[in-house]
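Single-structure report; data block below.
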Amino acid sequence: MEILVIDRPLVRRLLPMGQCIGAMRKALAGLARGEGVQPLRTIMWLPEKKGAIGLMPGYTADPPAAGVKVVTVFPQNHGTEFDSHQGAVLLFHAQHGYLLALAEAGEITAIRTAAVSAVASDLLARPQAGDLAILGSGVQARQHLEAMSCVRDLRRVRVWSPTREHREDFAARLSGRFGCRVEAMRGPRETVEGADLICTTTFASQPVLEGGWLAPGCHINAVGSSLPTARELDSQAVLRSRLFIDRLESTLNEAGDFLIPKEEGVIDDSHIQGEIGDILEGKIEGRRGHHEITLFKSLGLAVEDVQAVEWIYRQALSQGVGEKVPFGGPKEAD
């Protein structure tokens, strides 16, 4: 038997943002129909919490695919030659369970996370939204710029991150890349004031976005924090917004942006409007008015990784690319 090994450059080539957005719509809608299996992730912290290893299994029914992502998260890698998220996604045959492929996880995570935000933005942001504010200047900031450009016509882009060199480098590298100049800003407030599309993509454990800064009618994608003790938004920002999520169980266990204001008594579970897949399936209403503030809290789901790696695997087979490596074999005779 053989497995197909798909490295990072090939993942990037086989999973363009536009195609990934379509795949994520399919994954989230299928989950809302009860056609996926999505347990909570398991996280093992390294000593002194300098990094973590996450284990994320999942299953999608259409197409049938079973897989698991094993990923390391090292926030201190930001600004170095190493990405903060590294690892592999393993794809297994859904009927017989043998390993089909091993694909680089960092690039899959980067692309599919932004693609899910694009799905949410397409459903929740105003049709004319195009004043984009990005908090953060790392991998997810870059991917979210591309993803937002796929679903809205951007007329202005502002970026901020705590390190001046990082935000200025981001602006210089990406200005004009997606049809719009990128401005590096000196602080988060001036970055988001008047914006109708906001993406928070930081490693912050304390709020970098305050509710008093939000313009009526804006939409927020909060993707940086996936720990119950960390958040990017203050409680007022969450309170002012209609909150949509990727998965209820995950939010109730992992989302500090929700759990901390809940612990403060500012909101309760009823503040959650529903999952993005529920909007896709017509089970709940999305944006209700021009001045309403909407918030998508993203935690990242294994079904998204499985759907992405299944797409990549099929594309690799059809194009005859990827490295085939002998692995396993027939079972021993008794």
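None of the values given here were measured: they were computed from a predicted structure. Counting begins at 1 with the first residue of the sequence.
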Exercise. So, are Arg13 and Asp7 salt-bridged, with charged N and O less than 4.0 Å apart?
Worked result: no
Problem set entry | Asp196 side-chain N/O to Leu132 backbone N/O, donor-acceptor pair under 3.5 Å | no
Problem set entry | Side-chain touch Ile267/Phe258, heavy atoms, less than 4.5 angstrom | yes
Exercise. In terms of side-chain geometry, is the basic nitrogen of Glu146 or Arg142 positioned less than 4.0 Å from the acidic oxygen of its partner?
Worked result: yes
Problem set entry | Under-4.0 Å salt bridge between Glu254 and Arg41 | yes
For this session: Would you indicate whether the side-chain heavy atoms of Val238 and Lys297 approach each other to under 4.5 Å?
Result: no
For this session: Report yes if some heavy atom in the side chain of Asp278 is under 4.5 Å from a heavy atom in the side chain of Ile276; otherwise report no.
Result: no
Problem set entry | Closest approach of Gly58 to Val306 (non-hydrogen atoms, all atoms of both residues) | O-CG2, 3.6 Å
Exercise. Applying salt bridge (Lys or Arg N to Asp or Glu O under 4.0 Å), which residue pairs with at least one partner in residues 58-72 are found, sequence neighbours left out?
Worked result: Lys26-Asp62, Lys69-Asp305
Seminar exercise, completed: Minimal heavy-atom distance between Thr113 and Ser298, with the atoms involved, is CG2-OG, 4.5 Å
For this session: Quick one: pull up CD1 in Ile198 and CZ in Phe296 and give me the separation to the nearest 0.5 Å.
Result: 15.5 Å
Seminar exercise, completed: When every non-hydrogen atom of Trp45 is compared with those of Gly51, the smallest separation belongs to CE3-O, 3.4 Å
Exercise. Are the side chains of Leu40 and Thr42 in touch, meaning some heavy atoms are under 4.5 Å apart?
Worked result: no
Exercise. Is the closest side-chain donor-acceptor distance between Thr294 and His219 under 3.5 Å?
Worked result: yes
Problem set entry | Presence of salt bridge, Glu275 and Arg247, under 4.0 angstrom | yes
For this session: For the residue pair Glu232 and Leu135, establish whether any side-chain heavy-atom pair is separated by less than 4.5 Å.
Result: no
Problem set entry | NE2/His291: more than 12 non-hydrogen atoms of other groups inside 6.0 Å | no
Exercise. Considering only heavy atoms from C-beta outward, does the side chain of His290 approach that of Arg126 to under 4.5 Å?
Worked result: yes
Problem set entry | Exercise: do His166 and Ser161 side chains pair donor with acceptor under 3.5 Å | no
Exercise. Considering only heavy atoms from C-beta outward, does the side chain of Leu145 approach that of Leu154 to under 4.5 Å?
Worked result: yes
For this session: Look only at the side chain of Asp246 and the backbone of Leu299, and say whether a donor-acceptor pair between them is shorter than 3.5 Å.
Result: yes
Exercise. Counting N and O atoms only, with roles assigned by atom type, does the side chain of Gln38 sit under 3.5 Å from a partner on the main chain of Val303, one being a donor and the other an acceptor?
Worked result: yes
Problem set entry | Partners passing salt bridge (Lys or Arg N to Asp or Glu O under 4.0 Å) against Asp131 (at least two apart in sequence or in another chain) | Arg158
Exercise. Looking only at heavy atoms, what is the nearest atom pair of Ala103 and Val11, with distance?
Worked result: CB-CG2, 4.4 Å
Exercise. Would you say Glu107's side chain and Glu104's backbone share a donor-acceptor pair under 3.5 angstrom?
Worked result: no
Exercise. More than 12 non-hydrogen atoms from neighbouring residues, nucleotides or ligands closer than 6.0 Å to CZ on Arg173, yes or no?
Worked result: yes
For this session: Mark yes when over 12 heavy atoms from residues, nucleotides or ligands other than Lys283 sit less than 6.0 Å from its NZ; otherwise mark no.
Result: yes
Problem set entry | Thr201 side chain to Gln140 side chain, donor-acceptor N/O pair below 3.5 angstrom | no
Problem set entry | Heavy-atom closest pair, residues Pro75 and Lys50 | CD-O, 4.4 Å
For this session: Please answer whether the main-chain N or O of His271 pairs with a side-chain N or O of Gln273 as donor and acceptor at a distance below 3.5 Å.
Result: yes
For this session: Please check if the side chain of Thr80 supplies one atom and the backbone of Asp83 the other of a donor-acceptor pair under 3.5 Å.
Result: no
Problem set entry | Closest contact, heavy atoms only, Arg152 versus Ser121 | NH2-O, 3.3 Å
Exercise. Is the backbone of Ala118 close enough, under 3.5 Å, to the side chain of Asp122 for a donor and an acceptor to pair up by distance?
Worked result: no
Problem set entry | Short side-chain to backbone donor-acceptor contact, Thr251 and Ile245, under 3.5 Å | no
Exercise. Would a distance-only check, ignoring hydrogens and angles, find a side-chain to backbone donor-acceptor pair under 3.5 Å from Ser241 to Leu243?
Worked result: no
Exercise. Between His96 (side chain) and Tyr98 (backbone), is there a donor-acceptor pair under 3.5 Å?
Worked result: no
Exercise. Can you name the residues that form a salt bridge (Lys or Arg N to Asp or Glu O under 4.0 Å) with Glu292, not counting sequence neighbours?
Worked result: Arg242, Arg288
Problem set entry | Note, Ile293 side chain near Leu214 side chain (heavy atom, < 4.5 Å) | yes
Exercise. Salt bridge or not for Glu264 and Arg231, using N-O below 4.0 Å?
Worked result: yes
